[in-house]
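The figures here come from the full heavy-atom set of this structure, side chains too, leaving out hydrogens, waters and symmetry mates. Sequential numbering from 1 along the given sequence is applied to the chain's residues.
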Amino acid sequence: MKAFHFRLDQALRWRETQAGLQKSRVAATVGRLSEIERLLESERASLNGACSSLVDDPVGHAMQAFAAFRDRTRSRIRDLEGQSLTARRNVGLEMNQLVEATRKVRILENLKQTDHIRWRKDLDRELAAFADEAFLSRLQLK
């Protein structure tokens with residue numbers, strides 16, 4: 001009997017490559033979301049720190065500067081929150097595509113396993129038949 005060969009090996013390798021690329025895309029998207037969240041926390045911390053320093057030294061000029069700083073910071077925070085929302089949606093979309101790519105790989109792996117089990121049963125049947133023939137031929141020689 002010939003050796004086991006899965007006829008869709010090339011398709012399986014291609015699907016595995018696609019799943020690997022999708023994992024990379026998910027990692028990049030999650031990295032972008034993490035960066036946005038880090039910037040958002042930094043802006044919030046900066047605003048809170050400025051509020052604390054204003055309480056310690058409330059002078060007219062400092063209050064004007066703080067008002068402008070607060071407006072710019074709040075604007076950046078709103079922009080970053082919007083970017084964060086978009087990035088979270090992108091992570092969800094990329095994760096859905098990763099699940100789909102992984103599902104396609106698993107389908108081919110299951111098919112390969114099923115084919116291998118069928119081939120193995122055929123091989124075992126052929127070996128059993130050969131063993132039976134060998135046993136009968138030994139009996140005839142005696």
Side-chain angles (χ1 to χ4, degrees), residues 1-58 61-142:
M1 180 165 215
K2 62 182 179 177
F4 175 73
H5 174 71
F6 182 57
R7 65 189 190 287
L8 297 175
D9 257 342
Q10 187 174 2
L12 178 60
R13 283 192 306 275
W14 173 247
R15 292 292 185 191
E16 288 171 342
T17 300
Q18 286 178 325
L21 290 172
Q22 190 58 39
K23 285 178 187 176
S24 298
R25 285 188 206 112
V26 167
T29 306
V30 168
R32 176 68 181 138
L33 176 60
S34 297
E35 178 65 20
I36 291 169
E37 293 293 329
R38 186 190 64 74
L39 290 172
L40 189 57
E41 289 304 314
S42 173
E43 290 293 327
R44 287 179 179 153
S46 175
L47 184 60
N48 289 337
C51 287
S52 297
S53 67
L54 182 65
V55 170
D56 295 340
D57 187 26
H61 177 67
M63 292 182 80
Q64 281 181 332
F66 173 73
F69 171 76
R70 183 192 64 206
D71 292 342
R72 283 191 313 272
T73 303
R74 284 184 178 169
S75 175
R76 281 189 295 225
I77 288 173
R78 277 192 302 276
D79 289 344
L80 287 171
E81 286 172 343
Q83 290 177 19
S84 175
L85 183 61
T86 301
R88 286 179 192 276
R89 284 187 195 128
N90 289 341
V91 167
L93 292 173
E94 294 293 338
M95 286 299 293
N96 289 341
Q97 289 178 354
L98 176 60
V99 166
E100 183 64 22
T102 304
R103 185 187 67 79
K104 289 177 181 179
V105 168
R106 263 190 267 124
I107 287 171
L108 287 174
E109 286 174 343
N110 290 342
L111 184 58
K112 181 177 182 176
Q113 184 179 10
T114 302
D115 282 357
H116 189 262
I117 289 170
R118 188 178 305 122
W119 175 83
R120 185 69 192 177
K121 283 180 182 178
D122 289 345
L123 177 65
D124 290 345
R125 196 174 310 119
E126 192 173 308
L127 288 175
F130 179 73
D132 290 345
E133 288 177 23
F135 176 74
L136 291 175
S137 68
R138 273 192 298 170
L139 282 178
Q140 287 179 350
L141 292 177
K142 289 184 180 180

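For the atom pair Thr29 OG1 and Gln97 CD, the distance stands at 9.0 Å (nearest 0.5 Å). Atoms CD and CG, from Glu41 and Asn48 in turn, are 9.5 Å apart once rounded to the nearest 0.5 Å. With rounding to the nearest 0.5 Å, the separation of CG in Asn110 from OG1 in Thr114 is 6.5 Å. Of the inter-residue distances, the one linking Leu40 atom CG with Arg76 atom CZ reads 11.5 Å to the nearest 0.5 angstrom. In this structure, OG in Ser34 is found 11.0 Å from CG in Leu39, a value given to the nearest 0.5 Å. Distance check: Met95 CE to Asn90 CG gives 13.5 Å after rounding to the nearest 0.5 Å.
A salt bridge is defined here as a Lys NZ or Arg NE, NH1 or NH2 lying under 4.0 Å from an Asp or Glu carboxylate O, and Lys112 with Glu109 fails to meet this definition. A salt bridge links Asp115 and Arg118; the closest N-O separation between the charged side-chain nitrogens and carboxylate oxygens is under 4.0 Å. In summary, Glu35 and Arg32 do not engage in a salt bridge, as defined by a charged side-chain N under 4.0 Å from a carboxylate O. We find that Asp71 and Arg74 are not joined by a salt bridge, their nearest charged nitrogen and carboxylate oxygen being 4.0 Å or further apart.
Closest heavy-atom contact between Ile36 and Ala87: CD1-CB, 4.0 Å. The minimum heavy-atom distance between Ala19 and Ala101, with the atom names listed, is CA-CB, 4.0 Å.
Remark: side-chain polar atoms of Trp119 are paired, donor with acceptor, to backbone N or O of Lys2 under 3.5 angstrom. Side chain of Thr17 to backbone of Arg13: a donor-acceptor contact under 3.5 angstrom is found. In this structure a side-chain-to-backbone donor-acceptor pair under 3.5 Å is present from Thr102 to Leu98. Side chain of Ser46 to backbone of Ser42: no donor-acceptor contact under 3.5 angstrom is found.
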Q) Given Arg15 and Gln18, is the side chain to side chain donor-acceptor pair (under 3.5 Å) satisfied, shown in steps? A) CA-CA 5 Å; Arg15 292 292 185 191; Gln18 286 178 325; 3.2 Å; yes
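For Phe4, the CZ atom counts as densely surrounded, since its 6.0 Å shell holds more than 12 non-hydrogen atoms of other residues, nucleotides or ligands. No more than 12 heavy atoms of other residues, nucleotides or ligands lie within 6.0 Å of CZ in Arg120, so this atom counts as exposed by the packing criterion.
The closest side-chain heavy-atom distance from Leu111 to Ile107 is not below 4.5 Å. Within the 4.5 Å cutoff, the side chain of Leu136 has no heavy atoms near those of the Gln140 side chain. In this structure the side chain of Glu81 never reaches within 4.5 angstrom of the side chain of Glu43, judged on heavy atoms. By the 4.5 Å heavy-atom criterion applied to side chains, Asp122 and Arg125 are counted as neighbours.
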